[in-house]
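Below is one structure, written out as structure tokens, with a few remarks after it.
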Number of protein chains: 2
Amino acid sequence: MVKMSDVAKAANVSSATVSRVLAGSPHVSKETKERVLRVIEELNYKPNRLASNLRRMSAKTIMVVLPDITNPFFAKIVQGFEDVAHERGYYVLLGDTGNRLSLEREFIELSRERAVDGLILATARIPNKEIQEVSEHVPLVLACEYVDGLDIPTVSIDNVGAARAATEFLIESGHRRVAHISGPMAVVLSRDRVKGYRQAVQLHDLELDDRLIQEGDFTVQSGYHNMLKLLSLDNPPTAVFAANDEMAVGAIKAAKSLGIRVPEDLSVIGFDDIPLAMLVEPELTTVHQPQYDIGRHAMRMLLDIVEGRAPRRRQVVLSHRIVVRGSTMDVSGSEQTGNRVEGVTL
Amino acid sequence: MVKMSDVAKAANVSSATVSRVLAGSPHVSKETKERVLRVIEELNYKPNRLASNLRRMSAKTIMVVLPDITNPFFAKIVQGFEDVAHERGYYVLLGDTGNRLSLEREFIELSRERAVDGLILATARIPNKEIQEVSEHVPLVLACEYVDGLDIPTVSIDNVGAARAATEFLIESGHRRVAHISGPMAVVLSRDRVKGYRQAVQLHDLELDDRLIQEGDFTVQSGYHNMLKLLSLDNPPTAVFAANDEMAVGAIKAAKSLGIRVPEDLSVIGFDDIPLAMLVEPELTTVHQPQYDIGRHAMRMLLDIVEGRAPRRRQVVLSHRIVVRGSTMDVSGSEQTGNRVEGVTL
DNA sequence: CTGAAAGCGCTTACAG
DNA sequence: CTGAAAGCGCTTACAG
């Protein structure tokens, strides 16, 4: 393996000078620089990153902790992370926890060994106290997830507001019995979306019937089974807001299996707007989250912190919008208004 | 920051001994070990991985290069990579090329700077010569992709055979005009699948009509448009084999848009078996690739090479199978046989 | 079982 | 503009 001292010797300079050339320092004469560059080329020298990492005490690497890379919602966010990291000369270490708390801790632990310069958590199941502790030791940004009461830099949408808007969309379409299939209540995002749902129901003076709220786990299967439960009620809903798109798809499948037509007999709105939403039938009306932008913003914010530039805002809230496709129907006869767009279709 | 020498001083031993304790060396007395461990605990010492990386000349990190993490096929493979890497104490650096050749080169380059111990390519657009060169410098395994004529360790399925089986399945179901929507011909996998398709057509003495082969790019859109083309032929096909599931879904959408029923009027078979296949309507008949296992095998093979254990086999071919769901129909009246299973449905 | 010492290959004040 | 020298924090033969 060719090392810097070999280059130095061949070019008749010191290692310091080779290092300066490599770093693009302006304090090197043109001739020296050219000579060094030529030797580097000739010897096919590549600097040893492990050595420079130790010396600079930075691996130019960010650890990204997420619950499940096969979840298309997170995959798109990760792409945002990756692109910005790459633009700024950093690498991304992938930490897929598979929703296991022990793995979450393990990945976070890496940051204490200086192997990574910063941490993005797109899942945060560990107690707030631990997160607080971690954030005191290493640059940390939360993406999508957030933590109540702590001033941790966060990038997300307004989940309460978005859930309220989704529910109101159904109510304003003329539905009086609107159900909600929630995410797991252990997750703050799920609780936020339930909160938004409740707000909308109360805002419109509808009955708040707890049997209309069923707790799912974000899978298609749980959407399916919870929809069956809802449809077996004495007074079943005519519309349902699912806390993510997969559960909405499951809900549609369940309705169809009973011969209930979507959207004619049942309106379904999802949350996230993953690619799947445009591929099912009917195409899914849903709340669009700017997944890629969330990823980009979060990484940009983190790198600003890592590089000592304090971010302008510590809590970034990106905007959502309702995308109207084919799984919902206006049963009131009145006009629809507000912050929503016609869905893009194939 | 507490460092090893601090621990050594506090425990009244040398750094060497602390290092031995940390490494679990048996050559440390019980009392010494306990004392050191206690001090480590008290001082909340974490070893500096950047330093040990340099000393051991290894970052315990594997670079994974893939074309697009938002593609569910690759996401699942990456999960296999991750899980095995983690089990064996390695980390995964994510390299999402977005199908850009320049990025592919850049990620691969990292391995020449000793920042990663090995490389898995799940995409390989760079010339064979370059791959050969890289593989001489760093442990390298190809996953899914492979390279003709080079003896590079590879994990994949038999793409020719699988494509032949998919096409034969349609033919044996009584179809005489079977079309193929291929992937981009620049990709060796696409060419393999075309080859398998041709073999099946010839094997069954059907007419080899080049208009029945349309080149797509693996997107839903290209499946849609190519299906429209095929359906506008004077003598349109009654069945189509798409080189991946997304294009198959696009093909179904196109057929439906013309009022052509799937599977009654047109049978469609896909390739890969991504989660989407079970969510569209009708559910997609497809060729199942063991994505997670491909990922696991590839990482296991790579780490064996990295750690100096030569892998038993250099070319691992995992088995595929045809999963029969609702998008194909037997129009012959005869029995179906062979290496296929009934599809799992919700 | 333990320690002193060398050294991994860089980068960076410091001095000239 | 350039170099000598120190040092990042570990690990590992070597010696005892």
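Only heavy atoms go into these numbers, but all of them, side chains included; no hydrogens, no water, no symmetry mates.
- Distances shorter than 4.0 Å separate some side-chain N or O of Ser14(A) from OP1 or OP2 on dG3(D).
- Taking a 4.0 Å limit (strictly below) on heavy-atom distances, residues 29-49 of chain A reaches DNA chain D at Ser29(A), Thr32(A).
- Counting to the nearest Å, the P atom of dG9(D) and the CZ atom of Arg114(A) are 8 Å from each other.
- Within the 4.0 angstrom heavy-atom criterion, base atoms lie near Met4(A).
- The side chain of Leu54(B) lies closest to dG9(D), out of dA13(C), dT2(C), dG9(D).
- A salt bridge does not link Glu42(B) to Arg38(B): none of the charged side-chain nitrogens sits closer than 4.0 Å to a carboxylate oxygen.
- Side-chain contact, Asn159(A) with Tyr146(A): no donor N or O sits under 3.5 Å from an acceptor N or O.
- A close approach under 4.0 Å does occur between a side-chain nitrogen or oxygen of Thr17(B) and OP1 or OP2 of dG3(C).
- Whole-Å rounding puts the His27(B) NE2 to dG16(D) C1' distance at 15 Å.
- In this structure, the side chains of Val13(B) and Arg35(B) come closer than 4.5 Å at one or more pairs of heavy atoms.
- Salt bridge present: Asp304(A) and Arg88(A) bring a charged side-chain N and a carboxylate O closer than 4.0 Å.
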Wobble G-U and Watson-Crick pairs count when both distances are under 3.5 Å; given that, what is the 5' to 3' dot-bracket string of DNA chain C, with | for pairing to other strands?
|||.||||||||.|||
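- A distance-only check finds no donor-acceptor pair linking the side chain of Thr70(A) to the backbone of Lys76(B) [under 3.5 Å].
- The distance from atom CE of Met1(B) to atom P of dG9(D) is 10 Å, rounded to the nearest whole Å.
- Here the side chains of Gln315(B) and Asp151(B) are in contact, with some heavy-atom distance below 4.5 Å.
- What separates CG of Asn53(A) from P of dC10(D) is a distance of 15 Å, to the nearest Å.
- Looking at heavy atoms from C-beta onward, Asp96(A) lies in side-chain contact with Asp68(A) at the 4.5 angstrom threshold.
- Side chains of His137(A) and Arg112(A): a donor-acceptor N/O pair is present below 3.5 angstrom, by distance only.
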Show me the donor-acceptor pairs, under 3.5 Å and distance only, between side chains in residues 119-129 of chain A and residues at least two apart or in other chains.
residue	atom	partner	partner atom	Å
Thr123(A)	OG1	Arg125(A)	NH1	3.3
Arg125(A)	NH1	Glu145(A)	OE2	2.8

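- Nucleotide dG9(D) holds its C1' atom 13 Å from the CZ atom of Arg56(B), rounded to whole Å.
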